[in-house]
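In what follows, a single structure is set out as structure tokens and then discussed.
Just so it is clear, the values below take in all heavy atoms, side chains as well, and ignore hydrogens, waters and symmetry mates.
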Amino acid sequence: MSSSTDTPTTPSATDRRHWITLVVVGLAQLMVVLDATVVNIALPSAQADLGFSDGQRQWIITAYSLAFGSLLLLGGRLSDLIGRKRTFIIGLIGFALASALGGAAPTFEVLVATRALQGVFGALLAPTALAVLTTTFTIPKERARAFGVFGAIAGAGGAVGLLLGGILTEWLDWRWNLYINVFIAAFALVGAFLYVPHISRSGPRPKLDVPGTLLISGGLFGLVYGFSNAETDGWDSPFTWGMLAAAAVLIAGFVFWQTQASHPLLPLQIVLDRNRGAAYLSVMIAGAGMFGIFLFVTYYLQLTLNYTPIQTGLAFLPMIAMLVLAAQLGTNIFVPRFGPKVLVPIGMTLGVVAMIWLTLLDATSTYAAHVMPPLMLMGFAMGTIMPASMQTATLGVDRHFAGVASAMVNTSQQVGGSIGTALLNTLAATAMADYLVAHAPVTPEVGVDAALASYATAYWWGAGFFAVGAVLSALLFRRRGQGLSLSHGTSSSGEGSAETDQPSVIAH
């Protein structure tokens, strides 16, 4: 099998083209991550404008996550098969057009359809962006810096989306939360045409694993839909469990088929390597835990402390600053020296502390003294976890499978976010209901206390997610110096993967 999409390795990884490529893929990643949260703040305005019900509202979010989550592995594999530059450009153009259509949507139905279309092209764009980065930066020091930037974007994008969503909604119109993607995509598109190289394929074109694609796309769709349905209809809904059961059967069928297929969509040795498996689990657990921050701290700031959307977004800026700082320190200094086996458990432990700290918030808490410190600690935790996990997840993978290995990173984050949202929302709602029953009659003060109790429950469970992540990452990641097993042999072009003694290195 030969690849048409690999960025050629040159002796000088500091070449200006590489760093412009990082800016281009960073813009694409930011656009995709932003869209998971930027629309949330615009929902009330969109609902008032288009006149849809509270029950319909969740579909503005769910339509995007369903299409995005279920098609990620297909998108990653397509980038391996038809070329990363071509796939990247198609994804950018499609995402921009879908965003423009969504911004101009005259009805609720059109808005939902365009959100689903955004998810389809996002599933092409996100794994391709990471694959381009993986195959562009191969010199250890430059690779570390690049993944530090990319990991910071992946971790901070949600918080940036909250801020940007508040600014656009208050100062312009809710539709600009979608239109903004057109401008971001335009800059990225120019950079992609000029600086992302295209390599002609040599050798026979590999085939797409159609049965595997159908099985995993259906399985991921059922998984995301099942957890989304649990969020709205509860865990006692037969439809929730039906979708989750169907997802389990389809995913099990996919795993079996991958052992039989001549051209597997996801060669199992990619995920069965201990380091990569640990990296995917870490990204998923961190994604689940992070929703306890973005979702419930947003509720707390707006409903309890009466912050405006812009004030709420600004409140997350110190968290973003700490995330960026930790990402740069980790990838440039600590990960090469200590490896993910040390760094990721430390990040997870900091996440536990930050979540427990947030349980102390009450109606009299102030931002500077009580909210900002745990947010900053959580930012440092995520900046420690994400870059180390992301570069380890794609390290040592044969270039022919860089796209699908990168897609697994996005899939892990998406599934983790879906699970976290459904579980934490359900647990928080149950805690609020129990509190109200136990403290009848319900007064405004009791209502405030019930909300605080629900938030605290979510934070405690978020702390549990991070605690599990700390244990698993400490057990599963190899010690520095033990290297990675190869996903595949040497490519036909003579460029294969090589084992490395530290997670920030690819040798050729």
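Thr107 is listed as a side-chain neighbour of Val110, based on a closest heavy-atom distance under 4.5 Å. Looking at heavy atoms from C-beta onward, Phe465 lies out of side-chain contact with Val468 at the 4.5 angstrom threshold. Residues Ile93 and Phe121 have side chains not in contact (no heavy-atom distance under 4.5 Å, counting atoms from C-beta outward). In this structure, the side chains of Trp357 and Pro373 come closer than 4.5 Å at one or more pairs of heavy atoms. The closest side-chain heavy-atom distance from Thr364 to His370 is not below 4.5 Å. For the pair Phe380/Met319, no side-chain contact is recorded, criterion being any heavy-atom separation below 4.5 Å from C-beta on. Under the 4.5 Å side-chain criterion, counting only non-hydrogen atoms from C-beta, Ile216 is not in contact with Leu250. Counting heavy atoms from C-beta on, the side chains of Leu178 and Trp174 come closer than 4.5 Å.
In this structure, Trp176 and Phe183 have parallel ring planes: the angle between them is below the 30° cut-off, well short of the 60° mark. Using the six-membered ring where Trp is involved, Tyr455 and Tyr300 have ring planes that are perpendicular, over 60° apart on the 30 and 60° scheme.
With hydrogens and angles ignored, the 3.5 Å screen pairs a side-chain donor or acceptor of Thr114 with a backbone N or O of Leu111. Judged by distance alone, with hydrogens and angles left aside, the side-chain atoms of Asp434 form no donor-acceptor pair with the main-chain N or O of Ala431 at under 3.5 Å. For Ser217 (side chain) and Leu214 (main-chain N/O), no donor-acceptor pair under 3.5 Å exists by modelled atom type.
Here the shortest heavy-atom pairing between Leu50 and Ala105 reads CD2-O, 3.8 Å. Heavy atoms only, all atoms of each residue included: Gly462 and Met355 are closest at C-CG, 3.9 Å. Nearest heavy-atom pair, Leu424 versus Ala288, reported as atom, atom and distance to 0.1 Å: CD1-O, 3.9 Å. A pairwise comparison of heavy atoms in Gly122 and Phe95 identifies N-CD1, 3.7 Å as the closest pair. Across Ala381 and Gly347, no two heavy atoms sit closer than the pair CB-O, 3.3 Å. Of all the heavy atoms in Ala116 and Ala67, the pair that sits closest is O-CB, 3.3 Å.
For Phe68, the ring pair (Phe, Tyr, Trp, His ring centres under 6.0 Å) test picks out Tyr64, with sequence neighbours left out. Trp460 is linked by a ring pair (Phe, Tyr, Trp, His ring centres under 6.0 Å) to nothing, counting only residues two or more places apart in sequence or in another chain.
Here the straight-line distance linking atom CG of Leu97 with atom CG of Leu92 works out to 11.0 Å at 0.5 Å rounding. Summarising the geometry, atom OG belonging to Ser99 is positioned 8.5 Å from atom CZ belonging to Arg115; distances are rounded to the nearest 0.5 Å. We find the CE-CG distance between Met322 and Leu377 to be 8.0 Å, quoted to the nearest 0.5 Å. Here the CG-OG1 distance, from Leu323 to Thr384, works out to 8.5 Å after rounding to the nearest 0.5 Å. Rounding to the nearest 0.5 Å gives a distance of 11.0 Å between OH of Tyr459 and OG1 of Thr457. Leu325 CG to Met376 CE: the interatomic distance, rounded to the nearest 0.5 Å, is 9.0 Å.
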*Starting from the C-alpha separation in whole Å, work towards a yes-or-no answer on side-chain contact (heavy atoms from CB on, under 4.5 Å) for Val283 and Met386.*
CA-CA 7 Å; Val283 170; Met386 293 300 288; 4.2 Å; yes
*From CA spacing to verdict: side-chain contact (heavy atoms from CB on, under 4.5 Å), Val344, Ser389*: CA-CA 7 Å; Val344 176; Ser389 297; 3.7 Å; yes
*Should Phe316 and Met372 be marked as a side-chain contact (heavy atoms from CB on, under 4.5 Å) after you check the CA-CA gap, both sets of side-chain angles, and the distance that decides it?*
CA-CA 8 Å; Phe316 284 99; Met372 186 171 69; over 6 Å; no
*Show your reasoning for whether side-chain contact (heavy atoms from CB on, under 4.5 Å) applies to Ile385 and Phe466.*
CA-CA 11 Å; Ile385 296 167; Phe466 281 110; 4.1 Å; yes
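When the shell of 6.0 Å around OH of Tyr299 is examined, it contains 12 or fewer heavy atoms from other residues, nucleotides or ligands. Enclosure of atom CZ in Phe187 is not indicated, since only 12 or fewer non-hydrogen atoms of other residues, nucleotides or ligands lie within 6.0 angstrom.
Listed by first and then second residue, the salt bridge (charged side-chain N to carboxylate O under 4.0 Å, His left out) pairs that reach into residues 358-378 come to none, sequence neighbours excluded.
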